[in-house]
Amino acid sequence: MVRTRIAPSPTGKDLHIGNLYTALINWAFAKKNKGKFIVRIEDTDRQRLVLGAEQQILKTLKDFGLEPDEDPEKGGPFSPYRQSERLNLYQKYAHQLVEKGFAYYCTCSKERLEKLRKEQQEKKQIPRYDGHCRNLNLSRVDLEKKKIPYVVRLKVPKDKKITVYDLIRGEIVFNSNDIDDQILLKSDGFPTYHLAVVIDDHLMQISHVIRAEEWLSSTPKHVLLYQAFNWPLPVFCHLPILRNPDRSKLSKRKNPVWASWYLKEGFLPEAVLNYLALMGWSHPKQKEIFDLKEFINVFDLKDIQVVGPAFDPVKLEWLNGEWIRKTEDSKLKEKILKYYKNYQNKKLDPKLVEKIIPLVKERMKKLSDFWFYCQFFFEEPKVDANLIKNAPYLKDIYRSLSTIKDWTTQNIGQSMQELAKKLGIKTGDFFMTLRIAICGKKISPPLNESMEILGKEKCLERVKRIMKD
RNA sequence: GCUCUCAUCGUCUAGCGGCCUAGGACAUCACCUUCUCAAGGUGGGGACAGGGGUUCGAAUCCCCUUGAGAGCACCA
């Protein structure tokens, strides 16, 4: 049974776009293999804990359609899915590790460690624990009786080769001498990531650990732990890290990184996921546009590249535009209404939106573009008088428009075309004047169609209003 | 600094020893279409980091150099 997971920590505003990428791959791999996709919240750092982050992460995941099979809210066979609720478990295993000789208690103060690190840095040495407590065989009972704070450290063996198998990189060999005696259990009784991740992945029967490349270097520590517990290893697979345009790790200074930002900006979840799927992977038939169903079908974890790709917002926009054009009008209407209601606090008239969609569908790159093009349908435009100061023929336009009996695109177009010809004005200039009078700006959906939808009365009003000014 | 992982157009990538005078997509430029802006169509420029091998033959395999990224916390 394939069981995958993402393990976000609630230390930010929301789900990081990089985490969304990892989630996509985990989700897709699970679905492809008819397995389960799990979300476990790693909230063991209470210093950086952000209130509400967990809910936001779970919500964002759902907004993108990557619904977990098991998570802290809906539970599952391995509850709880929140590490802060599993503390006794980690403590039990940590002490067990000490008993078995794979770990030891350490009472070094943060001050001592900091000083040590400084000295090492000054000597240009690698900052790491010096093993002060490693062979002291400190007794837990003793420490607890005397109320001396302690941590549990991993007793990394000397001169040992540790082999990590990565699904896309193959075999990677590490020398144990390069690995620090990692703290497993902090003095506050909380585990560090390394302890908790191994215990939970094992207990939750995670078959494939698919996570970002930043974890690759600490994987030997995890392997050591699996060996100490005598647990079978999961399959490890380290995904490339998304980069900024300057190739550094994707960060909020240089790019919007919160997944929900893209939704607020008017990107479609399908498009964002489609774009993310293209990061480090390509469709066997070189297709650029495909949905999740197809992705699950054709993708293979092994085919993912290891180079960190640069996140390109411009291509994302293009793809989003493609997705908007691909969406049926009726569905697009729902998306637009929902978007403006949820993110812009605007209740748009569904019937009007429905009529306008064919005019703007191929012009929109993001849902937010709808308002850019169509605001004048909903509100009286503010017209910059400077834009039409040289148009004394507005009166003629008004007169011609008023004589149109059957207010259709065709009749409007014909009437205006004839008028422009009669007046001897270049059609480009003529229609631009009309456009500004009706729409209030130089850019608009097709004019005649827009005027038909807007209605004769409103169009006449708008022309007249400009005349007065 | 040390450890690990990598290296094809500006960007995302195809390529897994001959099909490569290196293909596609985004972006860019030109043209066509056109009442604006788009969309669409046609075409152009643009890459195998460098150097050694191996081989009849190398973008593809090996080595070195250079470059890039990640990790080196009582953070995840």
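Order of the sequence lines fixes the chain letters, A, B, ..., with proteins taken first and strands second; residue numbering starts at 1 for each chain.
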Counting the atoms with a prime plus P, OP1 and OP2 as sugar-phosphate, which does K287(A) contact under 4.0 Å by heavy atoms, base, sugar-phosphate, or nothing? nothing
CD1 of I210(A) to CG of L301(A): how many Å apart, nearest 0.5 Å? 4.5 Å
Taking the side chain of E213(A) as its heavy atoms from C-beta onward, which of U5(B), U3(B), A76(B) lies nearest to it? U5(B)
Partner nucleotide of U36(B) by Watson-Crick or wobble geometry (both distances under 3.5 Å): none
For A58(B), the Watson-Crick or wobble counterpart (both distances under 3.5 Å): none
Between K442(A) (side chain) and R435(A) (backbone), is there a donor-acceptor pair under 3.5 Å? no
At under 4.0 Å between heavy atoms, what does P313(A) touch on the DNA or RNA strands: base, sugar-phosphate, or nothing? nothing
From the list C6(B), A25(B), U13(B), which nucleotide is the closest neighbour of the side chain of P309(A)? U13(B)
Evaluate the side-chain proximity of Q417(A) to K422(A): yes if any heavy-atom separation is below 4.5 Å, no if none is. no
The Watson-Crick or G-U wobble partner of G1(B), with both key distances under 3.5 Å, is C72(B)
Could you check how far CD of E288(A) sits from C1' of A25(B), rounded to whole Å? 4 Å
Taking the side chain of S282(A) as its heavy atoms from C-beta onward, which of G69(B), U13(B), C6(B) lies nearest to it? U13(B)
Rounded to whole Å, how long is the line connecting atom CH2 of W318(A) with atom C1' of G40(B)? 14 Å
When all nucleic acid strands are considered with a 4.0 Å heavy-atom cut-off, which category describes R247(A): base, sugar-phosphate, or nothing? sugar-phosphate
Any idea how Y262(A) and F267(A) line up, ring-wise: parallel (<30°), tilted (30 to 60°), or perpendicular (>60°)? tilted
Out of C26(B), C74(B), A70(B), whichever nucleotide has its closest atom nearest the side chain of E214(A): A70(B)
For the side chain of L216(A), starting at C-beta, report the closest nucleotide among U36(B), C4(B), A76(B). C4(B)
Of the listed nucleotides (U5(B), A76(B), A70(B)), which one gets closest to any side-chain atom of S9(A)? A76(B)
Between CD of Q305(A) and P of A7(B) the distance, given in whole Å, is 8 Å
Determine the contact category for P240(A): base if any of its heavy atoms lies under 4.0 Å from a base atom, sugar-phosphate if only primed atoms, P, OP1 or OP2 are that close, otherwise nothing. nothing
Any base atoms under 4.0 Å from G280(A), or only sugar-phosphate, or nothing? Heavy atoms, all strands. sugar-phosphate
Interatomic distance, R48(A) CZ vs C75(B) P [rounded to whole Å]: 9 Å
Between CG of N175(A) and P of U3(B) the distance, given in whole Å, is 10 Å
Report which part of the nucleic acid R128(A) touches: base, sugar-phosphate, or nothing (heavy-atom distance under 4.0 Å, all strands). nothing
So V307(A), base contact, sugar-phosphate only, or nothing? Heavy-atom distance under 4.0 Å. sugar-phosphate
Nucleotide forming a Watson-Crick or wobble pair with C6(B), both distances under 3.5 Å: G67(B)
Re G43(B): Watson-Crick or G-U wobble partner, both distances kept under 3.5 Å, found to be C29(B)
For M279(A), report the nucleic acid contact type (base, sugar-phosphate, nothing); a contact means any heavy atom under 4.0 Å. sugar-phosphate
By the 4.0 Å heavy-atom rule, please label E322(A) as base, sugar-phosphate, or nothing. sugar-phosphate
Provide the Watson-Crick or G-U wobble partner of A22(B), both distances under 3.5 Å; none if there is no partner. none
Give me the ring orientation class for H283(A) and F290(A): parallel if the planes are under 30° apart, tilted from 30 to 60°, perpendicular past 60°. tilted
Between C1' of G71(B) and CD1 of I241(A), the distance in whole Å: 9 Å
For the residue pair V353(A) and F378(A), establish whether any side-chain heavy-atom pair is separated by less than 4.5 Å. yes
Please report, rounded to the nearest Å, how far the P atom of C75(B) is from the CZ atom of R211(A). 18 Å
D188(A)/R46(A) salt bridge by N-O under 4.0 Å criterion: yes
In whole Å, I'd like the distance from the CZ atom of F376(A) to the C1' atom of U36(B). 11 Å
